Amino acid sequence: MIFLKKYSLIIVFFLSQICFAQSTDDLMLYRKDIQSITGKNTVTITSYEKEGKHYVYAGGFGGIDVYGLDVEGKLTAISRHELYKQTGPARGMVADAIGDSHFLFVANKHGNAIETFKIQANGTLERVSLVEDTNETHLGTAITLQVIHMKNASYLFIGGLEETPGLSSFKIHPDGKLTHVVSMKDDDNIHTDGIIGMFSHKIKGKTYLYTSGFQDNGVSSFRIYDNGTFKNINNISDNTTDRYLTGAYPVTGVTLGENKYVIVGHRHHKYYERGGFIKRPNFVYHGDGVSVFKVNKKGALVPHFVLKDDENTKLQGQTRIEIVATDANEAVLAVGTRDDESIQLLKLTKEGILSPINYLETGFSIYYGLRSHKIEDTNFLIAGSNRFDLKKIVSYKILPEVKKNEQILKHLVHLKFKASATAEQINKAEKTFENLKNEIPEIIHLEWGLNDSEEGNSKKFTHTFTLTFNDAHGREIYLFHKAHIALVENIGPIIEDVFVMDYWTSNKYNKKNERFKK
């Protein structure tokens, strides 16, 4: 009987590995919800589970918005909390448990401070600590945070950018307050100038931290000790042939089998046009790629594999890499891009080989606002944009792709205008809506008309606009396009109600003849 039970467990485990491997090859993102934020933009997003409830924290200029997240991906606004000096933006946000309490740590970039908020029972925040930059620390223009739990205490590691680059360690007390342990100033050897990504691994009881140096164009590894101090292990710089570390940016990691990996992305300096911001302007651009480093037994990084961007991937301007799901043999990663305005899904094998799965063109640039979160057996991504006109947060569910073959997508928008809307206002709204086809190339056809139904079931809706897209990418680009956002803002005051429906049809639109063919 015991033998049969063990045998059954082996079969279940084996089948689960097969299902995971098969399902990762066709995963896709499906948008589930859109909510407005109060900040000028969404620079950073993190999430946290507390007592079975799931919360999302969206930080931008001025404050942090708190949302609840349910198993369907629905976001519900809970509260908003101002940042110190009402500045920011909130960067490097990380939530964690210290003893019996739960905290959100926030790097207030232009406030040159680290703020600690206690997470309350309903997900709301209460500030309990504020640490400002000094001559001994490197909190000026603070960007990235990493909590590391050691044997007798927990520590917050902080990376900065621009004028005071370096790496700092602070001890986290049970009440959320921070005390400075040690800081290491950036120099010509280590890559800590512009730390915009950090990740930690534990190897045989020892802890190691890995940092990216945006301005240094490289990555570094550090050994972390029980008292919160640290020392440099090794450093790897960019080159002009097979490395892609110019503007080294997001950093994450994963353990697969007995192998530990660190994955590093970059936003190449060629994408920056501001004079004087890039400290080393004599760079060579030879493409974009995601780098995989293997961690050896001493905690040092060893170059292992690079997935180079090509016509089938969306990897230009990588600003966030999230681990979506893992098992013993492979991991699914999500790469948020600022320049390709997409989320690219990748698969990493136990052997450390990266390969593309699918991507979704989000229609908005992602800066630091991308977070993976799991509820029960469902994986989500929550994204935001650095665009000041958007002011949105979006949730996506990650599911096996539903093939549409040669179908096209119809997007129907039904409008009911307020009784107070004038004929002039309605006429302007009609023309603005119709002009979207000239502003957004992804709209392959747009038509509209006035309601002519005599059945009495129109519920006073008077206008229907039908937009046609070749694929889901086109719909996303339209939805978050500046012209569409402006339309919604302009005609919103005169709209009493709106009803939207989408459907796929087997008809194929022929642009050249501007007609539909079976």
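What you see below is based on every heavy atom in this structure, not just the backbone, and it leaves out hydrogens, waters and symmetry mates. It should be emphasised that the depicted structure is a prediction, and the values quoted were computed from it without experimental measurement.
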Would [X] and [Y] count as a cation-pi pair here, with the cationic atom under 6.0 angstrom from the ring centre and within 45° of the axis?
X: Arg338; Y: Tyr271; value: no
X: Arg371; Y: Tyr48; value: no
X: Arg31; Y: Tyr396; value: no

Within the distance-only criterion (no hydrogens, no angle test), does the side chain of [X] pair as donor or acceptor with the backbone N or O of [Y] below 3.5 angstrom?
X: Ser220; Y: His191; value: yes
X: Ser168; Y: Ile158; value: no
X: Asp193; Y: Gly213; value: no

Charged N to carboxylate O below 4.0 Å: is that the case for [X] and [Y]?
X: Asp288; Y: Lys308; result: no
X: Lys350; Y: Glu330; result: no
X: Arg320; Y: Glu322; result: yes
X: Lys404; Y: Asp471; result: no

(request) Walk me through it: do Ile114 and Asn108 pass the test side-chain contact (heavy atoms from CB on, under 4.5 Å)? (result) CA-CA 6 Å; Ile114 306 300; Asn108 187 328; over 6 Å; no
With a 4.5 Å heavy-atom cut-off, do [X] and [Y] have their side chains touching?
X: Pro165; Y: His138; result: no
X: Leu315; Y: Val335; result: yes
X: Lys391; Y: Asn41; result: no
X: Arg243; Y: Ile236; result: yes
X: Asn112; Y: Glu132; result: no
X: Ile485; Y: Leu390; result: yes
X: Leu399; Y: Met28; result: no

Check the orientation of [X] and [Y]. Use parallel for under 30°, tilted for 30 to 60°, and perpendicular for over 60°.
X: His304; Y: Tyr261; answer: tilted
X: His373; Y: His54; answer: perpendicular
X: His266; Y: His268; answer: perpendicular

(message) By the definition side chain to side chain donor-acceptor pair (under 3.5 Å), identify the one residue from Thr211, Asn235, Asp186 that meets it with Thr192.
(response) Asp186
As an exercise, state the distance from [atom1] of [X] to [atom2] of [Y], rounded to the nearest 0.5 Å.
X: Leu354; Y: Thr313; atom1: CG; atom2: OG1; value: 11.0 Å
X: His473; Y: Lys314; atom1: NE2; atom2: NZ; value: 8.0 Å
X: Ser291; Y: Ile263; atom1: OG; atom2: CD1; value: 10.5 Å

Are there more than 12 heavy atoms of other residues, nucleotides or ligands under 6.0 Å from atom [atom1] of [X]?
X: Glu136; atom1: CD; result: no
X: Lys185; atom1: NZ; result: no
X: Lys437; atom1: NZ; result: yes

(request) Only counting residues at least two apart or in another chain, list the ones meeting side chain to side chain contact (heavy atoms under 4.5 Å, CB included) with Lys32. (result) Ser395, Lys397
(request) Over all heavy atoms of both residues, which pair between Gly384 and Ile45 is shortest? Give the atoms and the distance, please. (result) N-CD1, 3.4 Å
(message) I need the minimum non-hydrogen distance between Val106 and Ala90, along with the two atoms involved.
(response) CG1-CB, 3.6 Å
(message) Please evaluate residues Arg280 and Asp216 with respect to the criterion salt bridge (charged side-chain N to carboxylate O under 4.0 Å, His left out), reporting the C-alpha separation (whole Å), side-chain torsions for both, the decisive distance (0.1 Å), and the verdict.
(response) CA-CA 8 Å; Arg280 302 178 183 181; Asp216 284 333; 3.6 Å; yes
Between [X] and [Y] (judged by ring centroids, cut-off 6.0 Å), do the two rings come close enough to count as a pair?
X: His201; Y: Phe199; value: yes
X: Tyr210; Y: Phe222; value: no
X: Tyr272; Y: Phe277; value: yes

(message) Ignoring hydrogens and geometry beyond distance, is a side-chain donor-acceptor pair present between Thr337 and Asp339 at under 3.5 Å?
(response) no
(message) Can you see whether Lys202 engages Thr207 through a side-chain donor-acceptor pair at a distance of less than 3.5 angstrom?
(response) yes
(message) As a test of understanding, state which of Leu145, Val181, Val182, Leu139 forms a side chain to side chain contact (heavy atoms under 4.5 Å, CB included) with Phe170.
(response) Leu139
(message) Here's a test for you: under side chain to side chain contact (heavy atoms under 4.5 Å, CB included), which of Leu125, Val147, Val94, Val128 qualifies with Phe103?
(response) Val128
(message) Please determine whether side-chain hydrogen bond (donor to acceptor under 3.5 Å, both in side chains) holds for the pair Ser36 and Lys392, giving the CA-CA distance in whole Å, both sets of side-chain angles, and the decisive distance to 0.1 Å.
(response) CA-CA 4 Å; Ser36 297; Lys392 302 291 181 184; 3.0 Å; yes
(request) Determine, stepwise, if the pair Phe388 / Phe61 fulfils ring pair (Phe, Tyr, Trp, His ring centres under 6.0 Å). (result) CA-CA 10 Å; Phe388 280 74; Phe61 280 94; 5.6 Å; yes
